[in-house]
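Below you'll find the structure, written out as structure tokens, and then a few comments.
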Amino acid sequence: MSNLQTEDQKVFDAIEKEKRRQVEGLELIPSENYVSGPVLECLGSVLTNKYSEGYSGKRYYGGCENVDTVETLAIERAKSLFNAEHVNVQPLSGAPANIAVYSAVLKEHDTVIGMDLSHGGHLTHGHPVTWMAKLFNFPRYKTKKDTGEIDYEEMEELAIKHNPKLLLVGYSAYSRDIDYERVQAIADKVGAITMADIAHIAGLIAAGEMNNPVPIFDIVTTTTHKTLRGPRGGMIMCKEKYAKKIDKAVFPGLQGGPHENNIAAKAVAFLEDSKPEYKQYALQVKKNAKQMQKKFKEKGYEIMFKGTENHLLLIDVTNKGITGSQAQEALDDAGITLNKNMIPDDQRSPMDPSGIRLGTPAITTRGMKEAEMDKIVDWIDRVITNIDDHELHKTIKEEVKEMCLNFPVPGIKI
Ligand code: DSN
């Protein structure tokens with residue numbers, strides 16, 4: 001980035017420091033990952049210069065022949081990865097993708113049944129602080145304490161009581177799979193449209209490591225930068241029946257020109273996701289999460305939802321005498337990045353909740369396996385059980401760095 005260095009030393013320095021942070025530290029935020037060199041190249045390409053409102057072959061701007069090629073590639077590759085009838089790759093990210101779906105199929109005051117935020121749902125699934133919650137009615141179901149499963153009985157009761165237009169599943173802090181057939185059957189009973197937000201687990205689904213809602217559900221949204229390991233962005237997949245409504249809702253309904261540099265990066269990521277190495281990666285993401293679960297359990301940690309079937313773990317740290325934010329801050333000092341998180345029906349505040357959320361997508365991209373998971377859990381436990389020992393945190397930061405330097409990050413040289 002010599003051009004940038006000459007032009008703007010301050011931004012250059014910040015990016016250099018971030019590179020170092022990403023390479024020398026352990027990235028355990030379950031929604032983050034490292035993209036490949038080719039994906040990064042697309043993001044920094046000349047496609048960022050181009051306006052292309054509309055869709056391939058039907059644009060409002062001239063000179064779109066090359067962006068048509070990349071957008072069509074992204075769509076065709078996504079269709080084949082997920083077995084989708086129709087794909088829109090233009091949503092700028094996950095929240096805009098969800099809002100586009102709501103605007104495509106709902107009218108003001110319609111009812112959407114989604115998952116409670118503290119049980120793992122997402123803000124855009126009806127949390128009262130969102131704009132969507134002012135427009136639509138969102139009764140929310142929870143998970144079952146005894147099994148950790150989604151409470152499908154409660155979902156059905158709510159559906160019968162509220163007659164929703166949309167029945168929504170998906171999550172950002174839940175660690176189990178979803179029975180999409182069962183949800184579809186509930187929706188069929190009340191005539192609801194089904195929607196799944198698979199942002200966190202899309203990569204595991206594409207690799208065949210988790211249930212795939214796309215052939216079953218009416219509409220599926222995702223981000224492309226989490227387990228899918230593509231650029232920051234969103235995508236909507238749907239049955240042909242909803243294709244026109246969804247496309248119109250994205251453009252011109254909500255967005256202007258699509259970000260074609262980003263769409264090219266999506267196309268490249270989807271190609272990477274179709275390779276045998278990626279299937280191995282997705283399998284290892286799950287194995288690593290299971291290994292962490294085993295080690296945390298041995299050390300007396302309280303794992304929510306009775307364990308993990310995906311890439312993440314939600315852990316209540318109350319029995320360790322600390323809060324989620326204390327854990328996050330102390331671990332930051334030790335070069336280990338995860339996030340504080342609410343646990344089901346948390347009595348504490350979102351800024352200082354009872355839990356931590358961590359996951360394996362990024363560290364697995366670096367090639368870490370079960371042996372490294374054991375070390376990582378040991379470090380986390382040493383920090384948590386010595387929360388005020390800043391000297392120890394510094395020592396662990398050095399140990400973390402030493403191990404991390406043996407596991408290169410794709411696309412980054414320091
Ligand atoms: N912000 C994402 C996450 O961290 O899970 C969800 O959108």
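Model, not experiment: these values are computed from the prediction. When a ligand or atom number is given, it counts from 1 through the structure's own listing order.
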Self-check item: Closer than 4.0 Å: a protein non-hydrogen atom to atom 1 (N) of ligand 1
Solution: no
Quiz item: Using a heavy-atom cut-off of under 4.0 Å, does the side chain or the backbone of R357 touch ligand 1, or both, or neither?
Solution: side chain
Quiz prompt | Exercise: identify the closest heavy-atom pair between L314 and A173 | solution = CD2-O, 3.7 Å
Quiz prompt | Heavy-atom pair with the smallest gap, counting every atom of A78 and M235 | solution = CB-SD, 3.7 Å
Nearest neighbour in protein (non-hydrogen) for [atom]:
atom: atom 5 (O) of ligand 1; value: H200 NE2, 2.6 Å
atom: atom 3 (C) of ligand 1; value: S31 OG, 3.3 Å
atom: atom 7 (O) of ligand 1; value: H122 NE2, 2.8 Å

Practice problem: Measure the spacing between CZ of F270 and CG of L228 and express it to the nearest 0.5 Å. | Solution: 6.0 Å
Exercise. For S172, take its heavy atoms, then give the atoms of ligand 1 lying under 4.0 Å from any of them.
Key: 5 (O)
Quiz item: Under the salt bridge (charged side-chain N to carboxylate O under 4.0 Å, His left out) criterion, do K50 and E71 qualify, and how do the steps go?
Solution: CA-CA 13 Å; K50 188 72 195 103; E71 192 164 328; over 6 Å; no
Practice problem: Evaluate whether atom OH of Y152 has more than 12 neighbouring non-hydrogen atoms of other residues, nucleotides or ligands under 6.0 angstrom away. | Solution: yes
